[in-house]
Amino acid sequence: MAGSSGLGGGAGQGAALRASRAPLLLVALVLGAYCLRVLPGRCPPAARALAPAPSPSEPPSSVRRPGAPDLPVASGPGRRRFPQALIVGVKKGGTRALLEFLRLHPDVRALGSEPHFFDRCYERGLAWYRSLMPRTLDGQITMEKTPSYFVTREAPRRIHAMSPDMKLIVVVRNPVTRAISDYAQTLSKTPGLPSFRALAFRHGLGPVDTAWSAVRIGLYAQHLDHWLQYFPLSHFLFVSGERLVSDPAGEVGRVQDFLGLKRVVTDKHFYFNATKGFPCLKKAQGGSRPRCLGKSKGRPHPRVPPAVVWRLQEFYRPFNRKFYQMTGQDFGWG
């Protein structure tokens with residue numbers, strides 16, 4: 001009986017130990033899911049072995065190139081070329097809206113998906129990268145957008161090695177609002193995350209945690225300083241994410257000028273969607289209805305305590321001022 005009593009006591013202790021570990025397991029699962037959301041994803045798959053090293057453009061062909069990935073790529077006349085312009089940043093700044101607005105221009109051909117070549121997929125090679133691009137005619141501009149390039153250490157060197165004349169577009173937004181929007185996106189995909197405050201600060205309202213990507217991305221001056229080691233300031237255009245909402249035609253007009261394009265996309269192409277809180281595209285000729293960005297755009301932000309917002313505003317203030325000095329533009333974030 002004594003032996004039976006000992007076994008029962010051991011089982012009870014084991015059950016108690018498993019129960020005490022349950023909250024820790026739940027936390028580990030939530031944090032693990034968060035990490036999976038923020039870590040880089042995979043490159044688009046290639047079908048077969050890649051062709052030899054490319055020339056700047058390829059002749060037209062009706063046959064799908066070996067190694068072309070499963071991304072939507074336009075077919076038809078013209079040639080696939082390397083991009084002459086890139087939207088390199090920033091995440092949650094308005095890059096998708098800008099790309100969609102520019103695609104209204106008949107002389108802009110842009111890849112719809114983000115290829116992540118210069119950050120995640122560089123080992124695939126330039127032939128693979130060019131195989132993703134839509135075909136263009138002479139006089140048309142090839143573009144792509146991958147917002148993570150701006151905060152990727154290796155990206156400017158790699159882009160410069162491919163094309164030192166590249167035109168670079170950076171859509172920037174108040175870094176506090178941008179961080180909250182970034183958090184809202186992650187929260188929508190990973191419910192149960194710690195609060196914004198818990199992630200943005202160490203020890204309650206202690207030092208700002210710049211290791212958190214949502215905070216780190218907003219240090220625009222630091223990122224730009226690294227890019228300027230490879231490209232002169234004249235190769236950059238900095239687009240205001242706020243003005244892209246309040247005056248889309250004006251900001252898109254600046255981009256068309258920067259790209260050397262005629263101002264074809266004008267205020268007649270836009271209307272303001274009060275429900276979403278940002279501009280949408282009017283019905284195109286022959287189209288069935290007006291076009292807005294997807295459901296993930298314009299999602300409501302979680303409530304963040306005013307004290308947290310104020311602390312972050314004060315943290316970013318010196319970085320914002322340096323960014324204004326570097327770019328010669330005052331974005332009005334304080």
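Sequence positions, counted from 1, serve as the residue numbers for this chain. This one's a predicted model, so the numbers in the text were calculated from it and none came from an experiment.
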The side chain to side chain contact (heavy atoms under 4.5 Å, CB included) partner of P175 among F315, Y220, F323, F319 is Y220
Could you check whether E314 pairs with R317 (Lys NZ or Arg NE/NH1/NH2 to Asp/Glu carboxylate O, under 4.0 Å)?
yes
message: Would the distance check show the side chain of S181 and the main-chain N or O of R178 forming a donor-acceptor pair, the cut-off being under 3.5 Å?
response: no
Aromatic ring pairing W212/Y183, orientation class (parallel under 30°, perpendicular over 60°, tilted between) = perpendicular
Exercise. Between the main-chain N or O of D182 and the side-chain N or O of K91, is there a donor-acceptor pair closer than 3.5 Å?
Worked result: no
**Report entry** Backbone of P305 reached by a side-chain donor or acceptor of R197 within 3.5 Å
**Finding:** no
- Measure the acute angle between the ring planes of F236 and F238, then classify it against the limits of 30° and 60° as parallel, tilted or perpendicular. parallel
Closest heavy-atom pair, A249 versus D267, reported as atoms and distance to 0.1 Å, is CB-N, 3.4 Å
Fill in: SB check D138 R81 (cutoff 4.0 Å)
yes
Here the gap from K145 atom NZ to E114 atom CD, rounded to the nearest 0.5 Å, amounts to 3.5 Å
Measure from the side-chain N and O atoms of Y122 to the backbone N and O of A155, and report whether any donor-acceptor pair falls under 3.5 Å.
-> no
Is it the case that the side chain of R80 and the backbone of M133 share a donor-acceptor pair, with hydrogens and angles ignored and the cut-off at 3.5 Å?
yes
Query - Pair R157 + E154: basic N to acidic O under 4.0 Å - result: no
Subject >> E251 backbone acceptor or donor facing R243 side chain under 3.5 Å >> reply: no
